[in-house]
Amino acid sequence: MTDKTIFQKIIDKEIPSKIIYEDEFCIAIEDIAPAAPIHVLLIPKILINKISDSAKEHQDLLGHLLLKVGDVSRLLGIEDSFNVIINNGEKAGMTVPHLHLHILSGKKLSITS
Ligand code: 5GP
C-alpha cells in the first residue's frame, strides 16, 4: 500500500483545506501558497498520478473536471478571466503526484501576450 498523497489526505478530510466545491468525483480547494490572487486546485477523488497516465477509462472523469472548471469559475465570479494549468511530471514543476488542475485568476499569465 503506497502512502497517501497530501491531496488524498485532503479529500479524505484528514487534513483541513478551504473547500470551494465538492462532488462525488472531485474537490476544488484554495491553494495553500497562491501564485495569483485567486488560485484554486481542482482534484479528482481517484488517484491518477498525472494527466499523461490517464486512460480511456478516465474519459468521463476528465470531461467532468473540465465542466467543473467552468462551474467553479462561475462560483468564484472569474468566468471571463482565468488560466488553467496542469503540470505533468516533476521536471515540469509537479510537486504532488496526484492529477490536479490549477485555476488561476487576477494575474496575467497568458503565454500569448
Ligand atoms: P504542483 O506543483 O504539483 O502542480 O501543484 C501542487 C500545488 O499544491 C502547489 O501549488 C501547492 O501550493 C499546493 N499545495 C501543496 N500542499 C498543499 C496543502 O497541504 N494544501 C493546499 N490547499 N495546497 C497545497
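Remember, it's 1-based here, ligands and their atoms both numbered in the order they're listed.
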Please confirm whether [X] comes within less than 3.5 Å of ligand 1 when only nitrogen or oxygen atoms on both sides are compared.
X	value
Thr95	yes
Ile6	no
Ile15	no
Ile10	no

Ligand-residue contact atoms, ligand 1 with [X], heavy atoms, under 4.0 Å:
X	result
Ala33	12 (O)
Asn87	1 (P), 2 (O), 4 (O)
Leu41	8 (O), 13 (C), 23 (N)
His100	1 (P), 3 (O), 4 (O), 5 (O), 6 (C)
Ile29	22 (N)

- Note on the structure: Paired with Ile29, the side-chain contact (heavy atoms from CB on, under 4.5 Å) test is passed by just one of Val40, Ile11, Ile43, Leu42, namely Ile43
Tell me whether ligand 1 is touched by [X] - counting only heavy atoms on the residue side and a distance under 4.0 Å.
X	result
Ile85	no
Ser17	no
His102	yes

Does the side chain of [X] reach to within under 4.5 Å of the side chain of [Y], using non-hydrogen atoms?
X	Y	answer
Ser54	Leu62	yes
Phe82	Ile38	no
Asp23	His64	yes

Would you check if the side chain of [X] reaches a backbone N or O of [Y] as a donor-acceptor pair within less than 3.5 Å?
X	Y	value
Asn49	Pro97	yes
His98	Lys45	no
Ser81	Ile78	no

- Which is closest to atom 7 (C) of ligand 1 by heavy-atom distance: Asp31, Ile32, Thr5, Val96?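 The residue whose heavy atom sits nearest atom 7 (C) of ligand 1 is Asp31.
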- Rounded to the nearest 0.5 Å, how far does CD1 of Ile20 lie from CD1 of Ile103?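 Interatomic distance, Ile103 CD1 to Ile20 CD1, rounded to 0.5 Å: 9.5 Å.
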- Note on the structure: closest protein heavy atom to atom 22 (N) of ligand 1 is Glu30 O, 2.9 Å
- In the protein, which heavy atom is nearest to atom 8 (O) of ligand 1, and how far is it? Phe7 CZ, 3.4 Å
- Query: Parallel, tilted or perpendicular for His102 and His39, by the 30°/60° rule?
  - Reply: tilted
- Note on the structure: Applying ring-ring contact (aromatic ring centres under 6.0 Å, His included) to Phe7 and not counting sequence neighbours gives His100
